[in-house]
There are 2 protein chains.
Amino acid sequence: MASLASHIEAYIKKLLSEASNEVIRLQRRELARRFGCVPSQINYVIRTRFTPERGYIVESQRGGGGYIRIIKVNLPLQESLSERLSYEIGEAIDRARARTLVSRLTSDGCFSTRERLLIEAALNALDDIIDELGDFPEYKYNILRAFMLKKLLGALLGGECEGNAMSEL
Amino acid sequence: MASLASHIEAYIKKLLSEASNEVIRLQRRELARRFGCVPSQINYVIRTRFTPERGYIVESQRGGGGYIRIIKVNLPLQESLSERLSYEIGEAIDRARARTLVSRLTSDGCFSTRERLLIEAALNALDDIIDELGDFPEYKYNILRAFMLKKLLGALLGGECEGNAMSEL
DNA sequence: ATAATGAAAGTCAAGAAAGGTCAAAGAGGT
DNA sequence: ACCTCTTTGACCTTTCTTGACTTTCATTAT
């Protein structure tokens, strides 16, 4: 099949690998013209393929001289680890288990103390935010925390994070 | 293409870095002539790129012998970084502004690319989570994002993060 | 002194040039 | 049939560029 989207994806990845520093700058219009598609197709490809969970950061600027910049962050490949983690986290996780897990991963050297600080801050803030948004039962906190945690760990460990933990909400 | 505005910005920054004392004096007309543009373009560049938030002070004088003086202020002299950030983020921040801010802080060396990846992943996940929790208006996303962002940056920059962003929810 | 002149710099709004969003339609697989 | 992933197009927002008009200041002429 090889959809247009995957051709564009491949093209962008080739550009990235050719760029010495793993950073490229493209123009949405130009790229769309090259592939003979509408510009918004480019947004689709970027939204679905160049996510933080896959190790990419994307910046863009509108207006005259606008651009899209894609940065590849090189991670020590630990796909299998992140899959195991995804399984270990499961659909839901309470705050204490999350803390223990993050602590363990830190001492295993999966990430730095600063990175751990970030993760903890995100999890705490998430709890506060759910508080503000309404009166939800405990299990929802656990489900949403699992979702967030998978995304965060996925970003650092290169996992795909398929965990559609929230699908049944 | 890299807009004219960013070329002018780069040129001014180069001048600044060459000036021993981080102060330069330009003439608007001269600069406009050098770049083959209309003089008010210079005002645009200064207004958008050499702001106090970014650590610049600009003085000018009209009339014959007029000039524009740009001073690069070294931040430690001013309020603490996290206070300024708290102010800059404000009560609410949209996704694009958040991205730009995080990008700028990364290039300023406030945190690593991996840390940035984590922050981006957290912000993306937050949006998904709010989506799941109900049908909220745009401004709530912006308020909650501001809260999360302050917490994340505060964690890394050691700020107090007053963030009473959610007080009026 | 004062008024006139001319040489700066400032403001503002219109128009152009990007990129972004969203929802509907299409394609492929179970 | 149904579900997920793609593709498209209409419409939106942001950023940049330009030009007409305004304000300020130093200098020169009265």
Side-chain angles (χ1 to χ4, degrees), chain A residues 1-12 24-51 54 57-70 160 162 164 166-168, chain B residues 1-12 24-51 54 57-70 92-101 103-104 123-124 127-128 130-131 135 137-139 141-142:
Chain A
M1 29 159 188
S3 61
L4 213 208
S6 25
H7 280 126
I8 296 175
E9 176 188 9
Y11 177 73
I12 292 176
I24 56 171
R25 175 191 156 118
L26 358 122
Q27 300 226 234
R28 191 180 77 150
R29 295 203 114 201
E30 209 287 300
L31 197 48
R33 209 176 32 72
R34 170 184 302 265
F35 284 94
C37 63
V38 295
S40 57
Q41 176 76 292
I42 308 301
N43 296 85
Y44 175 72
V45 173
I46 286 172
R47 193 186 344 120
T48 55
R49 304 349 201 212
F50 295 88
T51 62
R54 298 188 184 196
I57 291 171
V58 177
E59 309 170 351
S60 67
Q61 183 106 68
R62 301 187 184 187
Y67 60 84
I68 297 177
R69 184 175 3 242
I70 300 181
E160 287 300 300
E162 58 239 51
N164 46 349
M166 305 195 305
S167 51
E168 84 270 3
Chain B
M1 252 218 265
S3 63
L4 214 206
S6 31
H7 281 125
I8 296 175
E9 175 189 10
Y11 177 73
I12 293 177
I24 57 171
R25 178 193 154 113
L26 342 135
Q27 299 226 242
R28 191 180 77 150
R29 289 205 107 212
E30 208 289 299
L31 197 48
R33 208 177 32 72
R34 171 185 301 265
F35 283 94
C37 65
V38 95
S40 57
Q41 176 76 283
I42 308 302
N43 297 86
Y44 175 73
V45 172
I46 287 173
R47 194 192 335 126
T48 55
R49 325 284 226 258
F50 295 89
T51 63
R54 299 190 186 190
I57 290 174
V58 178
E59 306 166 350
S60 67
Q61 181 118 80
R62 301 186 182 189
Y67 60 86
I68 297 176
R69 176 180 299 139
I70 300 181
I93 189 170
D94 65 34
R95 190 71 185 81
R97 277 221 311 132
R99 232 184 245 119
T100 304
L101 178 59
S103 165
R104 187 150 53 82
L123 292 178
N124 286 343
D127 282 355
D128 291 345
I130 303 174
D131 282 346
D135 193 15
E138 185 68 14
Y139 77 88
Y141 283 76
N142 294 343

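All chains are named by letter (A, B, ...) in the order of the sequence lines, taking the proteins before the strands, and each is independently numbered beginning at 1.
Residue pairs meeting the salt bridge (charged side-chain N to carboxylate O under 4.0 Å, His left out) criterion with at least one member in residues 61-70 of chain B, sequence neighbours excluded, are B:Glu59-B:Arg69.
In this structure A:Val58 satisfies the side chain to side chain contact (heavy atoms under 4.5 Å, CB included) test together with A:Ile46, A:Phe50, A:Ile68, A:Ile70, sequence neighbours excluded. Partners of A:Tyr44 under the ring pair (Phe, Tyr, Trp, His ring centres under 6.0 Å) rule, at least two apart in sequence or in another chain, do not exist in this structure. With sequence neighbours left out, the side chain to side chain contact (heavy atoms under 4.5 Å, CB included) criterion links B:Thr100 to no other residue. Scored by the side chain to side chain contact (heavy atoms under 4.5 Å, CB included) test, B:Gln61 finds B:Tyr67 as partners (sequence neighbours excluded). Taking B:Ala98 as the reference, B:Ile93, B:Arg95, B:Leu123, B:Arg145, B:Leu149 meet the side chain to side chain contact (heavy atoms under 4.5 Å, CB included) condition, with sequence neighbours excluded. Scanning for ring pair (Phe, Tyr, Trp, His ring centres under 6.0 Å) contacts around A:Tyr11 gives A:Phe35, with sequence neighbours left out.
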Query raised in the report: Just by protein heavy atoms under 4.0 Å, how would nucleotides 20-30 of chain D read 5' to 3' in B, S and -?
Result: ---BBBS----
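Distance B:Arg95 CZ to C:dC22 P: 14 Å, rounded to the nearest Å. Straight-line distance from the OH atom of B:Tyr44 to the P atom of C:dG10: 16 Å, rounded to whole Å. The NE2 atom of A:His7 sits 16 Å away from the C1' atom of D:dC5 (whole-angstrom rounding). If you take CZ of B:Arg97 and P of D:dT14, they are 11 Å apart, rounded to a whole angstrom. The distance from atom CZ of A:Arg29 to atom P of C:dA16 is 14 Å, rounded to the nearest whole Å. Between A:Arg69 atom CZ and C:dA18 atom C1' there is a gap of 15 Å when expressed in whole angstrom units. One atom, CZ of B:Arg33, and another, P of C:dA7, lie 15 Å apart when rounded to the nearest Å. B:Asp94 has its CG atom 12 Å from the P atom of D:dT13, to the nearest Å.
Note that CD1 of A:Ile57 and OG1 of A:Thr51 are 11.0 Å apart. Values are rounded to the nearest 0.5 Å.
Relative to the side chain of B:Gln41, the nucleotides D:dT18, C:dG19, C:dT11 differ in distance, and D:dT18 lies closest. The side chain of A:Cys37 lies closest to D:dT8 when the candidates are D:dT8, D:dT18, C:dG20. Comparing C:dT21, D:dT18, C:dT11 by their closest approach to the side chain of A:Arg28 singles out C:dT21. Set against D:dT17, D:dC5, D:dT8, the side chain of A:Leu4 has D:dT8 as its closest nucleotide.
Both B:Arg99 and B:Glu59 sit near DNA chain C, but only B:Glu59 has its closest nucleotide nearer the 5' end.
Residue contacts for B:Ile42: at a heavy-atom cut-off of 4.0 Å it reaches no nucleic acid atom on any strand shown.
At a cut-off of 3.5 Å, with distance as the only test, a side-chain donor of B:Asp131 or B:Tyr141 sits close to an acceptor on the other residue. Between B:Asn142 and B:Arg97, the side chains place no donor N or O within less than 3.5 Å of an acceptor N or O (distance only, hydrogens not considered).
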What pairs of nitrogen or oxygen atoms, one from the protein and one from nucleotides 23-26 of chain C, lie under 3.5 Å apart?
none

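At C:dG10, one or more side-chain N or O atoms of B:Ser60 fall inside 4.0 Å of OP1 or OP2 (strictly under the cut-off). For D:dT6, the OP1/OP2 oxygens have a side-chain nitrogen or oxygen of A:Arg49 closer than 4.0 Å.
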